[in-house]
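What you see below is based on every heavy atom in this structure, not just the backbone, and it leaves out hydrogens, waters and symmetry mates. What you are looking at is a predicted structure, and each value in this text was computed from that prediction instead of being measured.
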Amino acid sequence: NKLVVPPKGRKLLRFVNLNANPVKEHVYRVSVTPVVGELVAEQSGVKIVIAYEVLVLVHPVDGKVELVHSRTADQLTIENKGNRNILLREGVQCPPEVTDESQCDHLPGKRLYPGNRWTTKLPQDLPVKFYVSEGTQNSIKVFE
């Protein structure tokens, strides 16, 4: 469906889940993009256009995350065997003698949807620490 907002206008977007008891997680990406006309100018001109994408997650009533991992000296594989997504962020590998995380190796984050598996290269053969976001809950998980 489409929504039209007039110039200098405002609209509130509200997302409502009509399925009261979802069994599995549903993921929606909603694009909010402007429709613009041609640039009319007697001299050089710049038109700035801003678009948004909204990630809408509908969690199951009995949602759970079940992370299973395996690793080698230079690789970490994580699989989400649960029924809701999890966000792994700000991964770090620090030698035991280092106390300042800015001196550690930083790893990319990843959102793991149910059934997804992710493999990442490791710069060192050390434990990996990730901040884990599950809905509104945050924790730290160490993968050894």
Side-chain angles (χ1 to χ4, degrees), residues 1-39 44-144:
N1 293 334
K2 295 188 180 200
L3 168 74
V4 177
V5 181
K8 298 184 182 179
R10 298 177 116 187
K11 286 283 186 178
L12 176 67
L13 295 177
R14 184 172 152 193
F15 302 100
V16 178
N17 176 28
L18 299 177
N19 182 356
N21 296 312
V23 177
K24 66 178 190 171
E25 181 174 67
H26 294 279
V27 179
Y28 303 94
R29 292 188 184 274
V30 180
S31 295
V32 181
T33 55
V35 177
V36 295
E38 285 189 37
L39 177 64
S44 296
V46 175
K47 185 179 274 192
I48 299 174
V49 179
I50 299 174
Y52 301 92
E53 185 171 273
V54 180
L55 179 63
V56 180
L57 302 168
V58 179
H59 299 297
V61 175
D62 62 341
K64 66 177 175 153
V65 171
E66 184 183 336
L67 291 181
V68 176
H69 78 281
S70 63
R71 66 168 291 173
T72 61
D74 67 342
Q75 187 169 289
L76 172 66
T77 300
I78 304 172
E79 184 175 359
N80 182 358
K81 292 193 172 197
N83 64 353
R84 69 178 289 180
N85 81 85
I86 193 161
L87 179 62
L88 300 166
R89 56 188 177 82
E90 300 175 39
V92 292
Q93 272 193 315
C94 297
E97 67 277 1
V98 174
T99 57
D100 181 10
E101 280 193 3
S102 67
Q103 298 174 4
C104 299
D105 288 313
H106 294 269
L107 301 168
K110 180 76 172 175
R111 183 177 297 275
L112 281 177
Y113 294 102
N116 282 163
R117 176 186 303 207
W118 174 54
T119 301
T120 187
K121 292 281 186 194
L122 300 176
Q124 305 177 58
D125 187 10
L126 294 169
V128 181
K129 177 176 79 171
F130 276 100
Y131 289 91
V132 178
S133 297
E134 181 183 342
T136 59
Q137 304 296 333
N138 296 301
S139 61
I140 295 174
K141 177 128 176 94
V142 177
F143 298 95
E144 302 205 34

Visitor: Take K81 and E66, measure what salt bridge (charged side-chain N to carboxylate O under 4.0 Å, His left out) needs, and give me the verdict at the end.
Guide: CA-CA 5 Å; K81 292 193 172 197; E66 184 183 336; over 6 Å; no
Visitor: Ignoring hydrogens and angles, tell me if any N or O in the side chain of E90 forms a donor-acceptor pair with the backbone of Y131 under 3.5 Å.
Guide: no
Visitor: Any donor-acceptor pair under 3.5 Å linking the side chain of N80 with the backbone of L67?
Guide: no
Visitor: Less than 4.5 Å apart, side chain to side chain, heavy atoms only: is that true for L126 and C94?
Guide: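 No; the side chains remain at least 4.5 Å from each other.
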Visitor: Is there a side chain to side chain contact (heavy atoms under 4.5 Å, CB included) between R111 and L55 once you walk through the steps?
Guide: CA-CA 12 Å; R111 183 177 297 275; L55 179 63; 3.8 Å; yes
Visitor: Hey, does L57 have a side-chain heavy atom less than 4.5 Å from the side chain of N85?
Guide: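 A side-chain contact under 4.5 Å exists here.
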Visitor: Among V132, L88, L87, V65, whose side chain to side chain contact (heavy atoms under 4.5 Å, CB included) with L112 holds?
Guide: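 Going through the options one by one, the only one that passes is L88.
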Visitor: Do the side chains of Q75 and K121 get nearer than 4.5 Å, heavy atoms only?
Guide: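 The answer is yes; the side chains approach within 4.5 Å.
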Visitor: Side chain to side chain donor-acceptor pair (under 3.5 Å) between Q124 and D105: does it pass, once the steps are laid out?
Guide: CA-CA 8 Å; Q124 305 177 58; D105 288 313; 2.3 Å; yes
Visitor: Could you grab the distance from atom OG1 of T119 to atom CD1 of I78, nearest 0.5 Å is fine?
Guide: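 If we round to the nearest 0.5 Å, T119:OG1 and I78:CD1 are 9.0 Å apart.
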Visitor: Could you tell me which non-hydrogen atom of D125 sits nearest to which non-hydrogen atom of R71, and how far apart they are?
Guide: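 Here D125 and R71 meet closest at OD1-NH2, 3.5 Å.
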Visitor: Is a side-chain N or O of E134 found less than 3.5 angstrom from the main chain of I86, in a donor-acceptor match?
Guide: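 Side chain of E134 to backbone of I86: no pair is present.
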